[in-house]
Colleague: 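Can you read through this structure? Questions will come right after.
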Amino acid sequence: NIIKVMKDLKRTVDDLNKNLLEPLGLHLVQTADKTEYIIRAINMVRLNILVGGTFAIIILLIFLRSLLSTLVVAIAIPISIVGSFLIITLMGRTINVIMLAGMAFAVGMVVDASIVVLENIHRHRELGKSASQAALDGAMEVWGAILASTLTTLAVFIPILFIEEDVGQLFKDIAVAISAAVTLSLIVS
């Protein structure tokens, strides 16, 4: 973890300058720090995830015209994203800028299945079914379509996990993030 290493390095340099080099009239100066770029990039991706999620919720609220329905779909975002972080950690991968970019891409994708299921549940409610029966029937009716949609996305990203060249190494984290998030959104929906 370059950020932790750099933090420890700065602390060690300060300690060396104060306790060892200063009495000798010497001073150690750090000339480069790549962590500033990394921290800015991480903050930018975090902001993009927050803004993207907020816009998705606002758009859902406008089109669904129901706070409860919007809340139900909006819950899919944090569950899928946080769950993805758990899957990523269990896979032994590290959270990095590329991984976070994949999460930012996934924010918009994770609500799709929930919207389809919610809309079908709403249709069953309009047919006069109870909430629980409408939820069961609505979800069962569109299960195949949602599974097919998820498998299509996975078919695009899973092969990237097996590419060994530089391109595979570059895009592997995005593929892991999006695959985990979309799979979890299927389960959540």
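Values in this document were obtained by computation on a predicted structure and should not be read as measured data. Position 1 is the first residue of the sequence; numbering continues from there.
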Colleague: What distance separates Ile174 CD1 from Ile160 CD1, expressed to the nearest 0.5 Å?
Modeller: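 Taking CD1 in Ile174 and CD1 in Ile160, the distance rounds to 8.0 Å.
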Colleague: Run the side-chain hydrogen bond (donor to acceptor under 3.5 Å, both in side chains) test against Ser179 and tell me which residues pass, sequence neighbours left out.
Modeller: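 With sequence neighbours excluded, Ser179 shows a side-chain hydrogen bond (donor to acceptor under 3.5 Å, both in side chains) to no residue whatsoever.
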Colleague: Show the nearest heavy-atom pair for residues Ile81 and Ala106, with the distance to one decimal.
Modeller: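 Ile81 and Ala106 have their closest heavy atoms at CD1-CB, 4.4 Å.
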Colleague: Given the rule that I, L, V, M, F, W and Y join up when any side-chain heavy atoms are under 4.5 Å apart, are Met44 and Leu100 in one cluster?
Modeller: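 Different hydrophobic clusters.
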Colleague: Over all heavy atoms of both residues, which pair between Asn19 and Pro23 is shortest? Give the atoms and the distance, please.
Modeller: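 Taking every non-hydrogen atom into account, O-CG, 4.0 Å.
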Colleague: In chain order, what residues pass the salt bridge (Lys or Arg N to Asp or Glu O under 4.0 Å) check against Glu119, with sequence neighbours excluded?
Modeller: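 Not a single residue meets the salt bridge (Lys or Arg N to Asp or Glu O under 4.0 Å) criterion with Glu119.
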Colleague: So which atom in Ala139 and which in Ile121 form the shortest heavy-atom distance, rounded to 0.1 Å?
Modeller: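 That closest heavy-atom pairing would be N-CG1, 4.4 Å.
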Colleague: State the CG-CD distance between Asn17 and Glu22, to the nearest 0.5 angstrom.
Modeller: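 That separation rounds to 8.0 Å.
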Colleague: Is there a side-chain contact between Ile146 and Ser189, using heavy atoms and a 4.5 Å cut-off?
Modeller: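 Answer yes - side chains close enough.
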Colleague: Look up atom CZ in Phe55 and atom CD1 in Ile59, then write down how far apart they are to the nearest 0.5 Å.
Modeller: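 Here the rounded value is 8.0 Å.
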Colleague: If you group Ile, Leu, Val, Met, Phe, Trp and Tyr by side-chain heavy-atom gaps below 4.5 Å, do Val82 and Met109 land in one group?
Modeller: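 Shared cluster, no.
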Colleague: Are Asp8 and Arg11 within salt-bridge range, i.e. N to O under 4.0 Å?
Modeller: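 Judged by the 4.0 Å cut-off on N to carboxylate O distance, Asp8 and Arg11 do form a salt bridge.
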Colleague: According to a hydrophobic-cluster definition based on side-chain heavy atoms being under 4.5 Å apart (Ile, Leu, Val, Met, Phe, Trp, Tyr only), do Met103 and Ile79 belong together?
Modeller: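 As far as the 4.5 Å side-chain criterion goes, Ile79 and Met103 are not connected within one cluster.
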Colleague: Please determine, by modelled atom types, if Arg123 and Asn120 share a side-chain donor-acceptor pair under 3.5 angstrom.
Modeller: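 There is such a pair between these side chains.
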Colleague: What residue pairs, at least two apart or across chains, pass salt bridge (Lys or Arg N to Asp or Glu O under 4.0 Å) with a residue in residues 162-176?
Modeller: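 Qualifying pairs, neighbours excluded: Arg93-Asp173.
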Colleague: Do you know which two heavy atoms are closest between Ser185 and Ala113, and how far apart they sit?
Modeller: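 Closest heavy-atom pair between Ser185 and Ala113: O-CB, 4.2 Å.
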Colleague: Is any side-chain heavy atom of Leu67 closer than 4.5 Å to one of Leu71?
Modeller: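 No, too far: nothing below the 4.5 Å cut-off.
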Colleague: Which heavy atom of Met99 sits nearest a heavy atom of Thr94, and at what distance?
Modeller: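 What the structure gives for the nearest pair is CE-O, 3.7 Å.
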Colleague: Please tell me whether Val111 and Val188 are part of a single hydrophobic cluster in this structure, the criterion being side-chain heavy atoms less than 4.5 Å apart.
Modeller: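 Val111 does not cluster with Val188.
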Colleague: With clusters defined by side-chain heavy atoms of hydrophobic residues (ILVMFWY) lying less than 4.5 Å apart, directly or transitively, does Leu161 cluster with Leu154?
Modeller: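 Yes, Leu154 connects to Leu161 through the hydrophobic network.
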Colleague: Please report the interatomic distance CD1(Ile2) to CD1(Ile39), rounded to the nearest 0.5 Å.
Modeller: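 Interatomic distance, Ile2 CD1 to Ile39 CD1, rounded to 0.5 Å: 10.0 Å.
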Colleague: A side-chain contact here means heavy atoms from C-beta on lying under 4.5 Å apart; do Gln30 and Val13 qualify?
Modeller: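 Side-chain contact under 4.5 Å: no.
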Colleague: Side-chain contact test, heavy atoms from C-beta onward, threshold under 4.5 Å: evaluate it for Leu184 versus Ser84 and give yes or no.
Modeller: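 Answer yes - side chains close enough.
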Colleague: Below 4.5 Å, heavy atoms only, C-beta onward: do Lys34 and Tyr37 meet side chain to side chain?
Modeller: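 A side-chain contact under 4.5 Å is absent here.
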Colleague: What are the two closest heavy atoms between Leu61 and Thr70, and how far apart are they?
Modeller: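 Closest approach of Leu61 to Thr70: CA-OG1, 3.3 Å.
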Colleague: Do other residues, nucleotides or ligands put more than 12 heavy atoms under 6.0 Å from the NZ atom of Lys10?
Modeller: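 Correct, the count exceeds 12.
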Colleague: What's the separation between atom OG1 in Thr183 and atom CZ in Phe157, rounded to the nearest 0.5 Å?
Modeller: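 Reported value, rounded in 0.5 Å steps: 11.5 Å.
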Colleague: Which distance, rounded to the nearest 0.5 Å, do you find between the OG1 of Thr35 and the NZ of Lys7?
Modeller: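 Going from OG1 on Thr35 over to NZ on Lys7, the span is 11.5 Å.
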